[in-house]
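Taking it in order: structure first as structure tokens, then the write-up.
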There are 2 protein chains.
Amino acid sequence: MLEVTPEPLERGRCAEAASDSKIHPMNSHTIKVACSNCNLRELCMPMGLKAEEVDKIDEVVAVRRKVKRGTRLYANGEKFVSLYAIRTGFFKTCITTEDGRNQVTGFQMAGEIIGLDGIVKDLHTCDAVALEDAEVCVMPFDRIEELSRDVAALQRHVHKIMSREIVREHGVMLLLGSMRAEERLAAFLLNLVQRLHARGFSQSELLLRMTREEIGSYLGLKLETVSRTFSKFVEEGIVEVKQRHVRILDTNALKLIVNNNAPPCA
Amino acid sequence: MLEVTPEPLERGRCAEAASDSKIHPMNSHTIKVACSNCNLRELCMPMGLKAEEVDKIDEVVAVRRKVKRGTRLYANGEKFVSLYAIRTGFFKTCITTEDGRNQVTGFQMAGEIIGLDGIVKDLHTCDAVALEDAEVCVMPFDRIEELSRDVAALQRHVHKIMSREIVREHGVMLLLGSMRAEERLAAFLLNLVQRLHARGFSQSELLLRMTREEIGSYLGLKLETVSRTFSKFVEEGIVEVKQRHVRILDTNALKLIVNNNAPPCA
DNA sequence: CGACACCTTGAAGAGGTTCAAGAAATGTGG
DNA sequence: CCACATTTCTTGAACCTCTTCAAGGTGTCG
């Protein structure tokens, strides 16, 4: 359910690799970059590498790319070339069908990897939209594959990232298939705050980057239901909500809601 | 939504690798095996390999294992060692939580790979249960990794299998998040029959290997709703249903239901 | 400041669930 | 091979959750 993080990072902002950045702009919004001194490396790089292996991995991340809020990092049908590691910002991924259905399949934050959907057909099968101004590391997939043939730790890391995504989606299926509205929203809030906390943010306070409609799409609910459920949580004193600002007052109450009001036996 | 299959295979049953099988039983239900003359190789092996590469891959599949109906191939919490390629039979995968929730995350048939959930934590995070007597090829994952460092086509294949599973689950999220009962069941039937047809079975007739309750769990519905929806389809002349025997009379009607009654514009 | 996107709340309605009973199939042991 | 127990499936009726439709409020950005 969460990214494995040995210790919280400070604030999800990377110290710039000062010597490199902004010297060789590839185009209007791409710049060179190095992983080896990125604050997020514990999230998106394998641990315990030799120095020479770290250097090799630095070469994988060819460039960074800035993505303005509301614009797409990639879109359904586009050729798949690279995976992306999110440096800063917040994304949603969603699929849209010809008959007008739309489904948010996930929300992604700093240190998470997106683009895995494109590997199977060499085409992206969903859209990735920045919900706030963002910056990503562009990692050409053929170079990842090449390198992970040399560096077993990287190979293993790539496999784990993909497996983690599969397991995450199992959790979403459980949520969508078996939970009621309150349970879904409680699980959603707990998941978000947990991931934010792992990145050094508050355990109890969060700023929603997405609309009620996007939350609803992700949770299989209508935006009105999301809004009403928030209101209900407020009435019950579980959270404070001011638009997109949410403060969790009673984490345990949320956990009880998710766990069917059964106390955790483990 | 489906396994990519160049051409239908005959009946999903493998010709035995006669010289090998049953000579060296590893234990009561494991036998040696070779991929190179398995009828399913187009489904679970990369295409266009050199002969020597095929030989290497043969070595990956250490043994086969028989799984009796109703028993588990692996279970939540067990150590992850191998992926499994299904030779014959039919599986469900499902997750169960401490508080008693249960969710079927997929149904798998011959030629499909299961066990990917275990990679991220070296532990299986779901159960795989045989819904009929089954046989699988056991593929130790460390050998897969080792070999895919040598054989780029295998590496790519493993990545595609994992990506395909991610994309499949996106489809399930769309189903669970945005479809009504009829739409879900129609999509489910179309998906099943399509995968069966790719394996040489009928386009219109299928034998459900799972109960109404299991279908319901997968589709986020109660078993009564599944039953009622089947009955509705029967009334409308779209399918014939005799217990687990289903004959699709009007594939197009099912497609229209899934597509929101909007004619396919593509 | 005005336009627009987003959020909240109410009331009515639909779709799915729950509870219950009975029928059909399947498996078991004598 | 048959009788019985068990599991699975179907169907009805009442209920509940979530959706739909509608209106008004709040916040944001040019």
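All chains are named by letter (A, B, ...) in the order of the sequence lines, taking the proteins before the strands, and each is independently numbered beginning at 1. Here the structure is a predicted model, which means the values were calculated and not measured.
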- Message: Is it the case that atom CZ in A/R101 sees more than 12 heavy atoms from other parts of the structure closer than 6.0 Å?
- Response: yes
What nitrogen or oxygen pairs link the protein and nucleotides 11-16 of chain C at under 3.5 Å?
from	atom 1	to	atom 2	distance (Å)
C/dA11	N6	A/R228	NH2	3.4
C/dG16	OP1	B/A181	N	2.6

- Query: Which residues satisfy the side chain to side chain donor-acceptor pair (under 3.5 Å) test with A/K232, sequence neighbours excluded?
  - Reply: A/E182
- ring pair (Phe, Tyr, Trp, His ring centres under 6.0 Å) involving B/F90 - partner list, sequence neighbours excluded: none
- Message: Could you tell me the boundaries of the chain A footprint on DNA chain D, defined by atoms under 4.0 Å from its heavy atoms?
- Response: D/dC18 to D/dG27
- Partner residues of A/D133 under the salt bridge (charged side-chain N to carboxylate O under 4.0 Å, His left out) criterion, sequence neighbours left out: A/K68
- On the 0 to 90° scale, with breaks at 30° and 60°, tag the B/H124-B/F80 ring pair as parallel, tilted or perpendicular. perpendicular
- For residues A/H170 and B/E169, is any side-chain donor paired with an opposing acceptor at under 3.5 Å? yes
- Item | Degree of bending, the helix from C/dC1-D/dG30 to C/dG30-D/dC1 (end axes from five pairs; round to 10°) | 50°
Can you check nucleotides 3-7 of chain C for protein contacts, nitrogen or oxygen pairs under 3.5 Å, and list what you find?
from	atom 1	to	atom 2	distance (Å)
C/dC7	OP1	A/R244	NE	3.2
C/dC7	OP2	A/R212	N	2.8

- Note on the structure: Applying side-chain contact (heavy atoms from CB on, under 4.5 Å) to A/E205 and not counting sequence neighbours gives A/S202, A/H245, A/R247
- Task: Please identify each residue that fulfils side chain to side chain donor-acceptor pair (under 3.5 Å) with A/N252, with sequence neighbours left out.
- Result: none
Would you be so kind as to tabulate the donor-acceptor pairs closer than 3.5 Å made by side chains of residues 214-230 of chain B, with sequence neighbours excluded?
from	atom 1	to	atom 2	distance (Å)
B/E214	OE1	B/T211	N	2.9
B/E214	OE2	B/K92	NZ	3.0
B/S217	OG	B/V104	N	2.9
B/Y218	OH	B/R168	NH1	3.3
B/T229	OG1	B/T225	O	2.6

- Sequence neighbours excluded, which residues qualify as side chain to side chain donor-acceptor pair (under 3.5 Å) partners of A/E78? none
- Query: Please walk me through it: do B/T251 and B/Q203 pass side-chain hydrogen bond (donor to acceptor under 3.5 Å, both in side chains)?
  - Reply: CA-CA 9 Å; B/T251 304; B/Q203 287 194 58; over 6 Å; no
- Message: For B/S231, give me all partners under side-chain contact (heavy atoms from CB on, under 4.5 Å), at least two apart in sequence or on another chain.
- Response: none
